[in-house]
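Heads up: the structure comes next, in structure tokens.
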Amino acid sequence: MTFPERVFEIVRAVPPGLVVTYGQVAALAGFPRRARHVGQALSGCPSSGPWQRVVGAGGTIRVSKPQCQLELLRSEGVEFRGHRVNLGKYQWQPGPLAFAAL
DNA sequence: CCGATGACTCACG
DNA sequence: CCGTGAGCCATCG
């Protein structure tokens, strides 16, 4: 299983209405130092994918077109304060069963 | 092989 | 809140 593949598996597991950070995804994938590569992996992702649930540390939007991602997330029920989400309220906490299927 | 690059993060001023 | 700089590390030319 390659790193990019792990990234997709994990991102796919994030439920609508919640988000995760790049660093968090990297850590869950087993590589805490590769937050940047998570973004790199997602950069080649179709515009319809589940990538919009990934945000930067602190909940900031990091994509080139923030407005776009913001809309997608808002349509899932995620609220924003400027270009930032309230992680305390919307960050995904993987439950024990979350990876049963992976 | 080397250097530049980047959807990262953190510490500091 | 904003800019800077420094670690980070796979990928690309």
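All heavy atoms count here, side chains included; hydrogens, waters and symmetry mates do not. Order of the sequence lines fixes the chain letters, A, B, ..., with proteins taken first and strands second; residue numbering starts at 1 for each chain.
Residue pairs meeting the salt bridge (charged side-chain N to carboxylate O under 4.0 Å, His left out) criterion with at least one partner in residues 15-35 of chain A, sequence neighbours excluded, are absent.
For the pair A:Gln69 (side chain) and A:Pro66 (backbone), a donor-acceptor distance under 3.5 Å is absent. In terms of modelled atom types and a separation under 3.5 Å, the side chain of A:Arg53 and the main chain of A:Val14 share a donor-acceptor contact. A:Gln91 contributes no side-chain N or O that, together with a main-chain N or O of A:Val85, makes up a donor-acceptor pair within less than 3.5 Å. A:Trp92 places no side-chain N or O within 3.5 Å of a backbone atom of A:Gly17 that could act as its donor or acceptor partner.
Within the 4.5 Å cutoff, the side chain of A:Cys68 has no heavy atoms near those of the A:Val63 side chain. At least one side-chain heavy atom of A:Trp51 sits under 4.5 Å from a side-chain heavy atom of A:Leu72. Residues A:His37 and A:Phe3 are in side-chain contact: their nearest non-hydrogen atoms beyond the backbone lie under 4.5 Å apart. A heavy-atom distance below 4.5 Å is not found between the side chains of A:Val54 and A:Thr21.
By the salt bridge (Lys or Arg N to Asp or Glu O under 4.0 Å) test, A:Lys89 pairs with A:Glu79, sequence neighbours left out.
Contact footprint of chain A on DNA chain B: nucleotides with an atom under 4.0 Å from a non-hydrogen protein atom, first to last in 5' to 3' order, B:dG6 to B:dC10.
Remark: nothing in residues 77-92 of chain A comes within less than 4.0 Å of DNA chain B through any heavy atom. Within a heavy-atom distance below 4.0 Å of DNA chain B, the residues of residues 31-47 of chain A found are A:Ala35, A:Arg36, A:His37, A:Gly39, A:Leu42, A:Ser43. Interface residues of residues 50-69 of chain A facing DNA chain B, ordered by number: A:Trp51, A:Gly56, A:Ala57, A:Arg62, A:Val63; criterion, heavy-atom separation under 4.0 Å.
Looking only at atom types and distance, the side chain of A:Gln40 has no donor-acceptor partner in the side chain of A:Ser43 under 3.5 Å away.
Under 4.0 Å is where a charged nitrogen must lie from a carboxylate oxygen, and between A:Glu9 and A:Arg12 at least one such pair does.
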